[in-house]
Amino acid sequence: MERFRRFHYKIKLQSTNRTFKKQLSELNETTKLLEETKRRELDCAEREERCDRILDREAVLKTNEAKLKTAHEHLKNEWKHLRESIAEQVSSRRRIGTQTSQEKQRQAA
């Protein structure tokens, strides 16, 4: 009977041992999967940060582009007014020059 108990105990130990080994194997696999998941999450977070920085730079560039367009329009208008002003001054000087020339001709005649 004692021999039977030892044999039964040994079989029970072997079964328990197999169960523990299986659980340990599953635990190791779960640990590996968890580490892989953490690594992927970290990679995703880094990519997300890069995307956020790119979007921020894009927003700054769009703002700068809008400012440049506004400044360009302002300069374009200034140039237009300067050309008009110069044209008026040239026209005015021509009129004055023509009047002076006509007055000189009258005095000479």
Side-chain angles (χ1 to χ4, degrees):
M1 184 76 157
E2 181 64 30
R3 204 170 168 192
F4 177 75
R5 275 194 225 159
R6 280 189 202 161
F7 180 74
H8 182 65
Y9 181 72
K10 187 175 179 181
I11 290 179
K12 195 172 183 179
L13 277 179
Q14 287 174 348
S15 174
T16 303
N17 217 3
R18 279 193 298 272
T19 303
F20 283 154
K21 283 182 180 180
K22 184 178 178 185
Q23 287 176 345
L24 182 60
S25 176
E26 289 172 356
L27 181 62
N28 287 338
E29 184 64 27
T30 302
T31 301
K32 286 178 186 176
L33 291 172
L34 182 61
E35 288 172 355
E36 178 68 18
T37 301
K38 284 181 181 179
R39 186 186 62 76
R40 287 182 179 183
E41 286 176 351
L42 182 61
D43 289 347
C44 286
E46 288 172 356
R47 280 194 300 273
E48 190 174 328
E49 285 178 23
R50 269 183 268 155
C51 288
D52 287 345
R53 285 193 301 270
I54 289 169
L55 290 173
D56 289 345
R57 282 192 299 240
E58 183 180 18
V60 168
L61 288 173
K62 284 184 179 181
T63 301
N64 289 345
E65 182 181 25
K67 288 178 183 177
L68 284 172
K69 283 183 180 180
T70 302
H72 181 263
E73 286 300 315
H74 179 71
L75 287 173
K76 205 166 124 180
N77 289 334
E78 277 189 41
W79 276 104
K80 181 181 175 184
H81 291 302
L82 283 172
R83 280 193 299 270
E84 290 171 354
S85 176
I86 290 169
E88 286 177 26
Q89 290 175 13
V90 167
S91 177
S92 176
R93 286 186 182 166
R94 282 186 182 156
R95 268 185 267 122
I96 292 172
T98 304
Q99 289 173 353
T100 307
S101 173
Q102 288 174 353
E103 287 175 11
K104 285 182 182 179
Q105 287 176 356
R106 282 186 212 143
Q107 289 175 355

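Heavy-atom basis, side chains included; hydrogens, waters and symmetry copies ignored. Positions are given from 1 along the sequence.
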If you round to the nearest 0.5 Å, how far is CG of L61 from CD1 of I54?
11.5 Å
Taking it one step at a time, do E65 and L68 satisfy side-chain contact (heavy atoms from CB on, under 4.5 Å)?
CA-CA 5 Å; E65 182 181 25; L68 284 172; 5.6 Å; no
How far does CD1 of I96 sit from CZ of R93, to the nearest 0.5 angstrom?
8.0 Å
To the nearest 0.5 Å, how far apart are SG in C44 and CD in E41?
8.0 Å
Quick one: pull up CZ in F20 and CG in L27 and give me the separation to the nearest 0.5 Å.
12.5 Å
So, does T37 use its side chain to make a donor-acceptor pair with the main chain of L33 at under 3.5 Å?
yes
Hey, could you give me each pair passing side-chain hydrogen bond (donor to acceptor under 3.5 Å, both in side chains) that has a residue in residues 17-35? Not counting sequence neighbours.
none
Among N64, D56, T63, which residue satisfies the side chain to side chain contact (heavy atoms under 4.5 Å, CB included) criterion with V60?
N64
Start with the C-alpha distance between E36 and R39, add both sets of side-chain angles, then the distance that settles salt bridge (Lys or Arg N to Asp or Glu O under 4.0 Å), and finish with yes or no.
CA-CA 5 Å; E36 178 68 18; R39 186 186 62 76; 2.5 Å; yes
E73: what forms a salt bridge (charged side-chain N to carboxylate O under 4.0 Å, His left out) with it, not counting sequence neighbours?
K76
State, with a plain yes or no, whether a side-chain heavy atom of L75 is found less than 4.5 Å away from one of H72.
no
Apply side chain to side chain contact (heavy atoms under 4.5 Å, CB included) to R95 and list each qualifying residue two or more places apart in sequence or on a separate chain.
S91, S92
Which distance, rounded to the nearest 0.5 Å, do you find between the CD of E49 and the CZ of R47?
12.0 Å
